[in-house]
Amino acid sequence: MSPRRILVTSALPYANGHIHIGHLVEYLQTDIWVRFQKLRGHRCVYVCADDTHGTAVMISAEKEGISEEDLIARMHEAHVRDFSGFQIEFDNYGSTHSQENRQLCAEVWAALRRAGLVVEKEVTQLYDPEKKTFLADRYVKGTCPFCKLPNQYGDSCDNGHTYSPTDLIDPVSTLSGARPELRSWPHLFVRIEKLHDFLQQWTQQGGHLQPEVANYLAGHFLGEPLRDWDISRPAPYFGFEIPDSPGNYWYVWFDAPIGYMASTLQWCKRVGEDFDRWWRDDGTEIHHFIGKDITYFHCLFWPAMLKTAGFNLPTKIHIHGFLTVDGQKMSKSKGTFVRASTYLEYLDPAYLRYYYASKLPPRVDDIDLNLDEFVAKVNADLVGNVVNLASRTARFAHTTGLSPRYPEDGGLFERAARDGEAIAEAYEKCDYNRAIRLILEASDRANQFIEQAAPWNLKKDRAKHDQLRDVCTVGLNLFRQVAIYLAPVLPRMAEQTGQLLNQPICRWDESKTPLVGKPVNRFQHMITRVRAEQVQAMIQASREPEEAERPAAAQAWDDGDEPLRAEPLAPTISFDEFVKVDLRVARVIAAEDVPEARKLLKLTLSLGGSSRRTVLAGIKGVYRPEQLVGRLVICAANLAPRKMKFGTSEGMILASGSGDEEIYLLYPDKGAKPGQRVH
RNA sequence: GGGCCCGUAGCUCAGCGGUUAGAGCAGGGGACUCAUAAUCCCUGGGUCGGGGGUUCGAAUCCCUCCGGGCCUACCA
């Protein structure tokens, strides 16, 4: 087989946050694939970069009082450190804020213009007059025009109503607290519909996408005309100004994927390669690894851009699912939102590399990091089964060395050498789960062999020295095969195996030829067992301070400013306005679930005597009905009844928190009586 | 409302038209002592989410329902 030329990318991590164990699913999946290809002898280049542009970076920089450039430089450094800690090896790790990227963006842009795909349309948006900037939906808050729920984002409210930010009642900019005004501005759009036929064909044929992804696109986007893509943002915007449209900047999703090319270009300059050979040459394969959340950009816009500008199209887009921890979404308060750097303080990266590999299917399925299983798998498979194989033979072999000729082994070496093809095929298809299972089977057979050959008995009899040497030669060669097959996942172990046997592991095919006549070095532990306490310590360290236990001796409170920032103060009101709201103490005398509703509980409140109110409260996410019965709450009692899908709500009960997972009901101190007004 | 993925042993998953449905871990019993309390042997455990259908034959294909996750739209 002649060597393939393969360019591989992972999605560009956003410069606004740190790498966490969810990101690592992707970078480890990709790194393993790249290492596999290199080990197979192919020409394979792995590029990535920080995604640096957009509003979120601007806001963070301002919040910290530093320039965007300083912020992204700092994050770049942190990202690189995290990746290298996990033995993720890029050939180039760049930034979308680079000269190369600006140049390539201009090139792609010119091609879109030339093809007549760019049109200008007025867009009317809310504008923050204080910050002199247009506001994306998530930076506007106000009262839902439908249910009058206050403090809702610009596109939808917690009760599930969707609307335009211009319909919000009393909108407030979360950037400045100012009242936004409506303004229009010309935006540039890409008429992607002109490429509909091409995209239909490209997504449905040629095996570029997993079947479920192709179906998703066909059913969801390609069944109707594709909408124009709004690709420009007015200043101020951290990004690249559009050369032929001063005052406008490319939307971050335009320049981010071009960052794949820009990073390649940087690499080409550094090592003296020809860029066109990698991006304009049918002989090159391009493989993107991404998460399912960004399917839309990579499978529609990106091929459209490449096609128009005459670059290589992706050979394959490998899409993976999300990470859950112990079956649930990662959570900051539970401590399962673990940063890469935190992980590395407590655990060996080899554990996670192995664990993810053992779980990853070729499909888009989510994968679960089950912490108990993590410990069990690492200890049982990696240490107990694989490394132990070396550990239990290398000590004997240190004195004997390897036999000059490979001894009879009942066909075990041959068998594992043959299985190499099936294992390689599994890696190629990103079916790491299957690859690992096959490898573990080989390791199992080797352990059985050792057990039965009992080198510890042979050692007792000097006359059996040669037999002992033969058994160790078999055992270590079977181990070496396993180490080769696991090299993409566990590069460190492959190196250690090379040192142990005085023969570095460089090629996959070395699994086909037994190693003989070599001295064996003193065995050193390759991977240590993991203890559940270490994992627990890591989880503890990842818990957000707000959830940590309060210190008994309350010293200075260190309350963060995030809540206030997330929801700035509303405009000042007069006392007269305040007293219009009649807040009352009320007792929950009945509570029941509204099964069809995602968030609602139906509460019956007593205001004392025979006064009853039925209130539908969106607190199901946190409170169960039985917890509430008997409790005192505070209720907005003179609110106009509101007809909702599941009945009429005659008031609201007071709670703080963002909504879904975070809700804190307010209740009065002991002694308060239902019906009392709150002044 | 539409779509996608998943539902197989206590747990995590494999099998995706054909012999009595598998693995690892966990459980039970035994062996061994070289090894990081590792290893080896034996063993219990499953209406393959429910129900229909296609087929000589279905965990595997089709329909439908239920449950979990996700994406996306619209109305109010």
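The analysis underlying the following values was restricted to heavy atoms, covering all of them including side chains, and did not include hydrogens, waters or symmetry mates. To find a chain, count down the sequence lines: A is the first, B the second, and so on, and within it residues start at 1.
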Ionic contact status for A:Asp230 with A:Lys121, cut-off 4.0 Å:
no

Within residues 373-385 of chain A, those residues having any heavy atom closer than 4.0 Å to RNA chain B are A:Glu373, A:Ala376, A:Ala380, A:Asp381, A:Val383, A:Gly384

A:Arg395 side chain near B:rU36 phosphate (N/O to OP1/OP2, under 4.0 Å)
yes

Just N and O in the side chain of A:Gln448: are any of them under 4.0 Å from OP1 or OP2 of B:rC41?
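Checking B:rC41 against A:Gln448, a side-chain N or O does come within under 4.0 Å of OP1 or OP2.
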
I want to verify a distance call: between B:rA14, B:rC34, B:rA38, whose nearest atom is closest to the A:Arg529 side chain?
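The listed nucleotide nearest to A:Arg529's side chain is B:rA38.
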
State the dot-bracket string of RNA chain B. Criteria: Watson-Crick or G-U wobble, both atom distances under 3.5 angstrom; notation: ( ) intrastrand, [ ] crossing earlier pairs, | interstrand, . unpaired.
((((((((.[[[[.)..(...]]]].(((((.......))))).....[[[[[..)....]]]]])))))))....

For the pair made of [atom1] in [X] and [atom2] in [N], what is the distance, rounded to whole Å?
X: A:Tyr356; N: B:rU12; atom1: OH; atom2: C1'; result: 15 Å
X: A:Leu389; N: B:rA38; atom1: CG; atom2: P; result: 16 Å
X: A:Asn447; N: B:rC40; atom1: CG; atom2: P; result: 5 Å
X: A:Asp372; N: B:rG10; atom1: CG; atom2: P; result: 17 Å
X: A:Leu478; N: B:rU39; atom1: CG; atom2: C1'; result: 15 Å

Quick one: on RNA chain B, does A:Gln524 or A:Pro361 contact a more 5' nucleotide (nearest heavy atom)?
A:Pro361

Side chain to side chain contact (heavy atoms under 4.5 Å, CB included) filter on A:Lys518, not counting sequence neighbours, yields A:Leu402, A:Asn502, A:Gln503, A:Leu515

Are A:Val489 and A:Tyr427 packed together at the side-chain level, in the sense that at least one heavy-atom pair is separated by less than 4.5 angstrom?
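Yes. Closest side-chain heavy atoms under 4.5 Å.
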
